[in-house]
Protein chains: 2
Amino acid sequence: MVTIYDIAAKAGVSAMTVSRVINNTGKISDKTRAKVRRVMEELNYVPNHMARSLVLQQSNLLFLLITDITNPFYTTLARGAEDAAKKHGYRLLFGNSDESVDKEKDYVDTILATRADGVLVAPAGDPSLPHLETLRKHQVPFVLLDREVPGLDSDVVLGDSKEGARKLVDHLTSLGHKRIALINGSPSISSARLRLEGYREALKLNDLAYDDDYVLETAFEPRSDLSDIESWLDRMDPPPTAIVAGNNVLAVEVIRTLHARGIRVPDQVSLVCFDDLGPYSEIDPFLTVISQQAYQFGYLGMQMLIERIQERGEAGLPWRKVVLPADMIVRRSVSSIR
Amino acid sequence: MVTIYDIAAKAGVSAMTVSRVINNTGKISDKTRAKVRRVMEELNYVPNHMARSLVLQQSNLLFLLITDITNPFYTTLARGAEDAAKKHGYRLLFGNSDESVDKEKDYVDTILATRADGVLVAPAGDPSLPHLETLRKHQVPFVLLDREVPGLDSDVVLGDSKEGARKLVDHLTSLGHKRIALINGSPSISSARLRLEGYREALKLNDLAYDDDYVLETAFEPRSDLSDIESWLDRMDPPPTAIVAGNNVLAVEVIRTLHARGIRVPDQVSLVCFDDLGPYSEIDPFLTVISQQAYQFGYLGMQMLIERIQERGEAGLPWRKVVLPADMIVRRSVSSIR
DNA sequence: ATAAATAATGTTACCGATAACATTAAATTA
DNA sequence: TAATTTAATGTTATCGGTAACATTATTTAT
């Protein structure tokens with residue numbers, strides 16, 4: 001591995017001079033600068049980030065931790081984060097926690113060990129609290145995305161989950177639906193809780209009774225075993241005329257299960273969900289969804305993060321909470337009753 | 001930031017003893033081990049990767065560079081790579097080059113500077129050669145995914161692009177199609193070249209003439225400006241009865257363009273493509289595709305990479321080229337002619 | 001012309017960890 | 001019990017950079 005000392009030796013200068021050329025600091029004569037540059041080219045020099053960050057105590061690296069890299073909501077969000085990071089001259093790396101608090105903890109360790117300058121996190125859930133507190137303790141600035149964690153003050157970019165759920169339920173009731181089921185993520189995830197709340201409120205406002213049997217709380221990420229969905233469908237009696245899914249993944253899995261049973265959407269049951277299916281929903285715009293501005297989650301979150309990093313130390317800047325609107329896109333997955 | 005020296009001081013031992021406890025090396029009495037552990041907990045110690053890798057000359061970090069984080073092919077591949085890396089105890093970070101050779105080069109610099117132990121790369125194209133050579137020069141093991149780079153020997157995991165294209169065209173001709181168009185990625189990408197070759201061969205075998213006007217070579221990644229697709233559609237006269245898309249993104253954009261013109265698939269024109277649309281194609285299995293085993297690309301590639309890393313130095317192990325089969329899934333996006 | 005300022009470069013110490021070698025204490029063996 | 005192992009811990013140098021402080025050459029000011 002070529003080091004500044006190799007360069008220095010070959011160019012007949014000191015290592016410090018080479019360092020100055022690399023970083024454009026201090027005063028260097030044009031002649032030495034040129035000579036050093038030439039030798040660097042010749043030897044294919046690449047600076048060693050680790051050595052550098054070790055002494056500088058900062059890495060110029062940012063991280064984005066998402067919970068499901070196969071979910072278009074998060075990949076679109078990632079593109080937003082990437083663009084914002086690039087605009088400010090930061091490098092961005094990604095990690096995928098797979099909705100697992102343990103994997104997330106591993107990433108947090110990697111991030112700490114790598115001495116990242118900041119982190120954007122879509123936390124796996126409330127149990128993420130301990131390792132987020134670890135980040136805080138080590139003074140690594142972070143911004144939460146899509147999910148809050150109770151007991152932790154921080155900047156956060158959220159979607160209006162409650163309002164979104166209300167809109168979906170209202171849409172269904174306006175078309176005559178009365179037996180509306182909900183399949184949702186784990187209640188340890190703030191957005192899932194809000195979606196449940198919105199669902200319950202909307203039921204109440206529409207004078208519909210809430211029934212535990214019609215609600216399934218499961219996992220937001222793709223799974224191979226659909227048996228919990230199966231038994232939930234069996235349990236509901238009479239069957240629902242409409243289903244609200246807490247995210248796009250769940251909607252897809254509900255459809256798969258229904259199709260396997262020969263039940264058609266929306267003919268026999270209507271379906272709506274949170275989050276679009278990415279560009280691929282363009283092929284056949286079918287699902288009626290709450291379309292969250294995924295790109296904005298990433299872009300705004302990254303901007304907030306970078307502001308935090310750059311204001312470091314200054315007391316000011318209270319925690320900021322950005323709530324992005326929940327817009328419904330009506331498509332063909334809902335039929336009207338009668 | 002807490003260091004081993006802080007721990008050492010508080011525990012009344014030397015830094016080296018702390019290091020031994022952390023790494024489980026050397027001999028340590030149970031008593032000191034316990035004491036050191038306790039202090040580490042108390043102070044919330046996190047090892048500094050940078051300092052560590054600096055002296056160890058290895059980071060235990062692996063990278064995966066993909067070209068389009070919003071493409072389900074690559075995100076599924078990423079899941080495979082992640083699982084394989086985890087199985088072998090490596091940490092994995094992701095980078096997204098967005099099909100840009102320049103962004104890719106930036107990532108390569110980050111990777112070099114981070115002293116990653118190895119890299120999985122889906123190269124942006126043939127122009128990636130220089131920075132891949134830089135990786136090679138710095139002895140960072142890498143495995144190419146999905147695309148080869150002429151002039152560079154390396155391990156590589158490919159799909160059978162030529163055969164896939166042939167299958168698609170054969171399928172179309174078997175249903176009576178004679179005017180078959182191709183929209184493809186840049187010819188600077190090996191897989192795109194092979195798909196073109198397969199397309200031409202299949203035309204020839206079916207006694208169909210090749211016509212330049214029926215082929216559009218554009219970019220594989222999502223774009224906002226669809227005008228090149230527009231003008232290509234205008235140019236073809238008579239219009240094709242079927243279109244082969246070089247990947248899923250292009251297929252979606254063709255559909256968008258066609259829909260905007262009021263042209264229906266498959267009623268007025270048939271459409272087939274490479275790569276599935278992820279789990280979301282399950283909602284409405286519509287597109288007839290060559291389904292590549294995305295997960296296996298990542299999983300096998302990662303295994304090959306780790307073998308390389310662990311055999312480091314040993315002369316053996318010739319470059320390996322794995323070609324995964326191209327399986328066609330027939331769905332509803334093709335109609336038969338007459 | 002000589003002091004004072006400035007430009008250009010070099011030296012030393014350190015960032016946080018570990019390898020290699022050194023030392024001391026405890027346990028075996030002769 | 002003295003000699004030898006072995007266990008447990010400590011010291012020093014180093015990884016590849018950079019900050020802070022020298023030092024030397026060159027200008028500029030007086």
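Reminder, nothing fancy here: chain letters follow the sequence lines and each chain counts from 1.
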Where the side chain of A/K27 is concerned, which of C/dT18, D/dG16, C/dA8 is the nearest nucleotide? C/dA8
If you take atom types as modelled and just measure distance, does the side chain of A/R115 reach the base of C/dG16 with a donor-acceptor pair under 3.5 Å? no
Residue met sooner reading DNA chain C from 5', once B/M50 and B/T25 are mapped to nucleotides: B/M50
Figure out the CD/C1' separation between A/Q58 and D/dT18, and round it to whole Å. 12 Å
Decide yes or no, distance alone: a donor-acceptor N/O pair under 3.5 angstrom between the base of D/dG17 and the side-chain of A/Y5. yes
Once you round it to whole Å, what is the distance between P of D/dT14 and CG of A/L54? 17 Å
Within the 4.0 Å heavy-atom criterion, would you say A/T32 contacts the bases, only the backbone, or no part of the nucleic acid? sugar-phosphate
In whole angstrom, what separates B/N48's CG from C/dC15's P? 12 Å
Just call it for A/I28: base, sugar-phosphate, or nothing, with non-hydrogen atoms closer than 4.0 Å on any strand. sugar-phosphate
Please report, rounded to the nearest Å, how far the P atom of D/dG16 is from the OH atom of A/Y45. 10 Å
Could you tell me whether B/E104 and B/R147 make a salt bridge, using a distance below 4.0 angstrom between a side-chain N and a carboxylate O? no
Contact nearer the 5' end of DNA chain D, comparing A/V18 with B/T17: B/T17
Take the protein atom CZ of A/R20 and the nucleotide atom P of D/dG17, then report the distance between them rounded to whole Å. 15 Å
What is the separation between atom CD1 on A/I4 and atom P on C/dC15, rounded to the nearest whole Å? 17 Å
Donor-acceptor contact below 3.5 Å, side chain B/T114 vs main chain B/T110: yes
Do any side-chain nitrogens or oxygens of B/N23 fall under 4.0 Å of OP1 or OP2 in C/dT18? yes
Just how far, in rounded Å, is C1' of C/dA26 from NZ of B/K31? 13 Å
Checking B/S59 side chain against B/R115 main chain: does a donor-acceptor pair fall under 3.5 Å? yes
NA contact type, A/L56, heavy-atom cut-off 4.0 Å: base, sugar-phosphate, or nothing? sugar-phosphate
Just N and O in the side chain of B/T3: are any of them under 4.0 Å from OP1 or OP2 of C/dG16? no
A/A51 side chain, from C-beta outward: closest of D/dT11, D/dG17, C/dG10: D/dG17
On DNA chain D, compare the nucleotides closest to B/Q57 and B/D30; which residue's is nearer the 5' end? B/D30
Taking NZ, NE, NH1 and NH2 as the nitrogens, is one of them in B/K87 or B/D83 under 4.0 Å from a carboxylate oxygen of the other? no
On the nucleotide D/dT18, are OP1 or OP2 found under 4.0 Å from the side-chain N or O atoms that A/R52 carries? yes
Aromatic ring proximity B/F73/B/F297, centre distance under 6.0 Å: yes
So, is B/S19 close to the C/dT18 phosphate, meaning a side-chain N or O under 4.0 Å from OP1 or OP2? yes
Considering only D/dG16, C/dA20, D/dA20, which nucleotide approaches the side chain of B/M16 most closely? C/dA20
I'd like to know if B/K105 and B/D109 make a salt bridge, using a cut-off of under 4.0 Å between side-chain N and carboxylate O. yes
Rounded to whole Å, CZ of A/R33 lies from P of C/dA8 at a distance of 9 Å
